[in-house]
2 protein chains.
Amino acid sequence: MHTREISLPGATVGGAILPRASRVTIRDVAFEAGLAVSTVSNALAGKDCVREETRRKVVDIAVRLGYRPSALARSLRSGRSLTMGVLVSDVSNPALVDYVRGVDDVAVREGFTILLGNTDERIEKQVAQMKTLIDHEVDGMVLISQHTEGKEVRELLKIVPYVFIQRRSPHFVDDYVGGDNAASTRKALTYLHELGHRRIGIITGPTASSTAMERLAAYRACVDDLGFDRDEDLVVYGDYDLDAGRRGMHRLWSLPEPPTAILASNDICALGVQDAALELGVSIPDQLSLCGCDDISLAGLRQIDLTTTHMPKRRIGTAAAELLLGKIEQGPNLPPQEIIIPGDLVIRSSCAAPRAKRRRRRAAAAPVAAE
Amino acid sequence: MHTREISLPGATVGGAILPRASRVTIRDVAFEAGLAVSTVSNALAGKDCVREETRRKVVDIAVRLGYRPSALARSLRSGRSLTMGVLVSDVSNPALVDYVRGVDDVAVREGFTILLGNTDERIEKQVAQMKTLIDHEVDGMVLISQHTEGKEVRELLKIVPYVFIQRRSPHFVDDYVGGDNAASTRKALTYLHELGHRRIGIITGPTASSTAMERLAAYRACVDDLGFDRDEDLVVYGDYDLDAGRRGMHRLWSLPEPPTAILASNDICALGVQDAALELGVSIPDQLSLCGCDDISLAGLRQIDLTTTHMPKRRIGTAAAELLLGKIEQGPNLPPQEIIIPGDLVIRSSCAAPRAKRRRRRAAAAPVAAE
DNA sequence: TTGTATGCGTTATCAG
DNA sequence: CTGATAACGCATACAA
């Protein structure tokens, strides 16, 4: 049990394989086969310049010795590491993990390995991680909700192919995959409009998030198009977490004239709103309608039952990884590509027609019956 | 914009730095400094065999050229990759991500990079991923809720240091970090006992999970010690997901004599129980008490408010990573170590005294007031 | 204090 | 078809 032979380096005894102190290399295989290293390499690579018989013998010995080629040496030699970096602000954030999963799906499918890094939304950490990834010679990187600006970041991006997810630069056009923030926001707001809402609050994600800002812009456009109350107090600049939801709810509900519906930055934020609503004794959807974004698996639970926009994050992740692989394959000459994945409104029970029109300025359109 | 010089290999013009087609190597630095490669290497490594003046010049040129040592080459040469593998059944599983985060915490602190892999609870995938990690010469690996048995798995474990999290082998003693499953289960059951419950159902995690089985064993012990109903129908073999909770609840509630309380495999499972309870019109905690395990951040929300056992997963992750680093440092001669991290019962509102003693066999102890 | 030579494990080139 | 050799980028032992 727990034996680890401290055998003489390179020693092989009879038929038994005593693993060397370190690993079995191609040289060991060559020696055992009585062939040259290069022949073994060619045989294992399936080159047709080696006789079938020899190849079989080599393969045989290789598996018998438990030979595994060193990815390090191979990468060093070939210039490709079959490795991709994935940067995420926090792996433990449930709103982000599905992207990682999607990326991983195609990574394993294509024989790539993932180097993972957390950046905690801090640009210095991101820069440090990017450097680390580059040091490890990743063939490319997927940047999930990362900073897109900053001199150092842009400089590092020149070194290696990359794809952004969920956050894109206002100044640079990069390879990017994301949800259709404008369209899905409009869908949600149209739905609320049909229910009869005219005064809608929004809790945004961080201002650094292009996705959040695109949703906000869509909200503002809808204020015009659909005739919602225009009131800057209805816009709360928040985040993607529970606390943003809680604070946003408190803030919006303390308004002289509170909204009848709230659009949360994402589902987690919406859960925070629900929580605060319970705290304040506000009934959802009777007194307040609530709409999230993401459609995390928990949103469908009866105790939550959140109307939300379904964002196929895993698919966004796979699309990004595939885009990246194309980039790696084709070289940097391809023009940057932006892929927008549509999302659908999932209607559950957190939205209803506004109950009583308390001191409203203008009359609402005919409200649809709730639920 | 988007320029990538296709300059002549190695060409440098004046003071400006035209990056070569590939990367800046130590040779470029040496050339620029008019020194030997080894001197540059020593200077950058901070060896005291190089004059301070020379060192400064070297460093200066290195940063000016944007030189970054190749981790690949360095690893190949030094035999240490400053890399650790992390295997997890599914990164997108909220019950698991905190471990990853904890591991990452110490990884970055110690200058390590994480290679991540999903195994989907399937042993072939795990074996494949372990091989990949070994190919990449990780210095060690953290196996989160992975298979501990199997000839191939055990064979691969001999090659590289490793630490298991949340699942350990019944046959082998490995390095392991996990929660105190027995103690925390007993705490929860004692609490339910004090509330007056005598008939308690349990939905277990997968039988392959040692953590799940340890909790089940503790449950069985408590049945004896605390005098709960002994009834195998009260044990539902399930999983760690929503659906296990839903199915478990349906199963338990359809019993001729349903339990008055349920112990779920984890919080996610408990959410599934809540969901099914709402579906069945069963009120928690009035008709049924519910206890989870993990204390995920969502458990504290008012709309969920789940009594559960707090498991400090992130800390378990850091402990595991630290254990692994020690293993890497000290070599394989240290005896395997098992670290058990205590967890505390977090009392919220999902448990209460059983309401009415419907056709019970024996009288319960004096019930404590609910909430 | 600095330079030269060698090897880590591969693969590619070219000669046999 | 097979084999010797050089390189990938770095670090070390040793020579100068």
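We name chains A, B, ... by the order of the sequence lines, and we start the count at 1 in each one. Source: prediction; values computed, not measured.
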**Q.** Sequence-distant partners of A:Phe164, ring pair (Phe, Tyr, Trp, His ring centres under 6.0 Å), two or more places apart
**A.**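 Counting only residues at least two positions away or on another chain, A:Phe164 forms a ring pair (Phe, Tyr, Trp, His ring centres under 6.0 Å) with A:Tyr162.
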Residues forming a salt bridge (charged side-chain N to carboxylate O under 4.0 Å, His left out) with [X], sequence neighbours excluded:
| X | value |
| --- | --- |
| A:Arg51 | A:Glu53 |
| B:Lys57 | none |
| B:Glu338 | B:Arg168 |
| A:Lys131 | A:Glu152 |

Those residues that, when tested against [X], pass side-chain contact (heavy atoms from CB on, under 4.5 Å) (two or more places apart):
| X | result |
| --- | --- |
| B:Thr119 | B:Leu87, B:Ser89, B:Lys125, B:Gln126, B:Gln129, B:Gln146 |
| A:Arg101 | A:Asp104, A:Asp105, A:Arg314, B:Asp90, B:Val91, B:Ser92, B:Asn118, B:Asp120 |
| A:Ser41 | A:Ile26 |
| B:Ser145 | B:Gln166, B:Arg167 |

Rounded to whole Å, how long is the line connecting atom [atom1] of [X] with atom [atom2] of [N]?
| X | N | atom1 | atom2 | answer |
| --- | --- | --- | --- | --- |
| B:Leu44 | D:dG9 | CG | C1' | 13 Å |
| B:Leu82 | C:dC8 | CG | C1' | 16 Å |
| B:Asp135 | C:dT10 | CG | C1' | 13 Å |
| B:Arg27 | C:dG3 | CZ | P | 15 Å |
| A:Phe31 | C:dG9 | CZ | C1' | 18 Å |
| A:Arg23 | C:dG7 | CZ | P | 20 Å |

(Q) Quick check on DNA chain C: between B:Glu137 and A:Lys47, whose nearest nucleotide comes earlier from the 5' end? (A)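 So the residue in question is B:Glu137.
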(Q) Distance check, rounded to the nearest 0.5 Å: B:Ile61 atom CD1 versus B:Leu44 atom CG? (A)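 Spacing of CD1 (B:Ile61) from CG (B:Leu44) equals 10.5 Å.
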All N/O pairs under 3.5 Å across the protein-nucleotides 1-5 of chain D interface:
unit_1	atom_1	unit_2	atom_2	d
D:dT2	OP1	A:Arg51	NH2	2.8
D:dT2	OP1	A:Thr54	OG1	2.9
D:dT2	OP2	A:Arg51	N	3.1
D:dT2	OP2	A:Thr54	OG1	3.1
D:dG3	OP2	A:Ala36	N	3.0
D:dG3	OP2	A:Thr39	OG1	2.7
D:dG3	N7	A:Ser38	OG	3.1
D:dA4	N7	A:Ser38	OG	3.4
D:dA4	N6	A:Ser38	OG	3.0

Q | the helix from C:dT1-D:dA16 to C:dG16-D:dC1: angle between end helix axes, five pairs per end, rounded to 10 degrees | A |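 That helix gives 50° between its end axes.
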Q) Does a nitrogen or oxygen in the side chain of A:Ser41 sit under 4.0 Å from OP1 or OP2 of C:dT11? A)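 Looking at the OP1 and OP2 atoms of C:dT11, one of them is under 4.0 Å from a side-chain N or O of A:Ser41.
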Q | Contact list for DNA chain D against residues 67-81 of chain A - heavy-atom distance below 4.0 Å | A |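 Under 4.0 Å from DNA chain D: A:Leu76, A:Arg77.
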Q | Salt bridge B:Arg154-B:Asp174, side-chain N to carboxylate O under 4.0 Å | A |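 B:Asp174 and B:Arg154: salt-bridged.
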